[in-house]
Amino acid sequence: MIHALRGTRDILPGEVERWQHVERVARALCERYGYVEVRTPIIEREELFVKGTGAATDIVHKEMYSFTDKGGDRVTLRPEATPSMVRAYVEHTLEQTLAAAKIYAMGPMFRYERPQKGRYRQFHQLDVEVFGLNDPAIDAEVIDVAWTLIEELGIRHADLVINSVGCRECRPVFMKALVEALGDDVSKLCSDCQRRATINPLRIYDCKVPADQPIIDRLPHAIDYLCEACRTHFAGVQAQLDAWNIPWRISHRLVRGLDYYTRTTFEILGATASDGGDEGETLGAQNALLGGGRYDGLVKDLGGPDRPGIGFAAGMERLVLALPHDVVAAVKPSAVVVAIGEDARADGLRLLRELRRAGCIAHMEVEARSLRAQMKRADRVQARFTLIIGGDELAKGEVTVRNMATGEQTAVARKAVVAHVRQQLA
Ligand code: HAM
């Protein structure tokens, strides 16, 4: 027996309906806000992520599925969608062809992480990106898409955290202050943080090791080092969120794990076990439902024009986990055709196809079975109606329609039965 790879999973009936629901809601929402779908390859040149996601990130450093293909090229299974979306935007000059450079994508991503609840090696994202707009109102709009998504999915525990990490002018000032504040305390931090202190000190804010917390709590806050333009921008984002009644709070720790962020960063956190959260399933330690931010230098860094960008990605596994339990039921057939005898079976198969072509979800045991076995099966799949054809019905040109909930049976003319079922269902 060959099992699925560690960190990958099959999405089976029973769960897949929840995925389809999330996908439907997400798609409808994106389209309402003016985003159009783009589908990029899941495999790209390794260089795209080294330059885009950033060589100093954990993703590029430790988690990429990269290999040399048979042609000798270094390729990578995408760990995130943003660099691919930027590449597609630049490669196809989408700013000239699209009415607005607002795009979204859905699909699998790959990161070689230690699997746990809500964290997998193959996972899926809904990715939303906007290019070419600087106004803080667009930051707020992107956050609104994220917030509304969570609301429309019925996920009741959602905590929106925002921050600003400054621009290429003011961030170095903050970084200098951070390194100074760390000073000799670096040696008191965990070994991961000691490594981060040399490669990417910002990552220290992500540390969850209890002993490190008092030191991290004393570190400087990015928003205290913003230049005038970044401060005004961040105030504009907050004002617009307030105007739309979207509740937010600032998290000084929200510096995000990717190199490209400038100015606004945000995350929406779901319920952890300690929050109770009986509305839906709780998430474990991996409680970020989605995250994103502005990346004003990335398009240019990847060889495109100097255009700002902002977006977010939601982890679809986490959305599915956090969805209330009763939100989607499996699709149940509207009709099951039960046929007794060879002649009835031939007519049953005809009726089955007529029902399906009329838009009904219809089943029939294709292999000959006893009446009892067929009725039992109709019960198990929770059909609304069974349409019974036996010798008597054939002779009279009728079908017996049984309402499975009430047990009521009606004889309906064979010719009228499809219309009858449709009417009953409506
Ligand atoms: P990210 O924070 O790395 O950002 O990932 C976004 C979301 O993807 C996370 O909040 C989480 O829900 C989900 N996620 C990440 N890794 C895993 C995993 N191993 N298993 C399950 N879910 C996971 C980005 O990817 C950026 N590209 C977001 C962005 C778009 N920024 C601007 N535009």
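Counting starts at 1 for both ligands and their atoms, following the listed order.
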So, [X] and [Y]: side-chain donor and acceptor under 3.5 Å apart, yes or no?
X      : Y      : answer
Glu15  : Trp19  : yes
Tyr260 : Asp301 : no
Glu129 : Tyr295 : yes

inquiry  = I'd like to know whether CD of Glu47 has more than 12 heavy-atom contacts from other residues, nucleotides or ligands below 6.0 angstrom.
reply    = no
task = Provide the number and element of each atom of ligand 1 under 4.0 Å from a heavy atom of Leu258.
result = 4 (O), 24 (C), 26 (C)
inquiry  = Give the atom numbers and elements of ligand 1 that come within less than 4.0 Å of a heavy atom of Gly292.
reply    = 31 (N)
Nearest heavy atom to [atom]: which of [options] does it belong to?
atom                    : options                        : value
atom 3 (O) of ligand 1  : Arg121, Arg111, Glu129, His124 : Arg111
atom 25 (O) of ligand 1 : Met316, Glu267, Gln125         : Gln125
atom 31 (N) of ligand 1 : Tyr295, Phe266, Tyr261, Tyr260 : Tyr261
atom 20 (N) of ligand 1 : Phe110, Tyr120, Tyr112         : Tyr120

At under 4.0 Å between heavy atoms, which part of [X] makes contact with ligand 1: side chain, backbone, both or neither?
X      : answer
Leu289 : backbone
Phe312 : backbone
Glu113 : side chain

Considering both backbone and side-chain atoms of [X], is one of its nitrogen or oxygen atoms within less than 3.5 Å of a nitrogen or oxygen in ligand 1?
X      : result
Ala313 : no
Gly315 : yes
Ala288 : yes
Glu80  : yes

ask   = What is the closest protein heavy atom to atom 4 (O) of ligand 1, and at what distance does it sit?
value = Arg256 NH2, 3.0 Å
query = Among all protein non-hydrogen atoms, which one is nearest to atom 32 (C) of ligand 1, and what is the separation to 0.1 Å?
reply = Gly311 O, 3.2 Å
request  = Using modelled atom types only, decide if a donor and an acceptor are shared between the side chain of Asp10 and the backbone of Leu12 within a distance under 3.5 Å.
outcome  = no
ask   = Between the side chain of Arg119 and the main-chain N/O of Gly7, is any donor-acceptor distance below 3.5 Å?
value = no
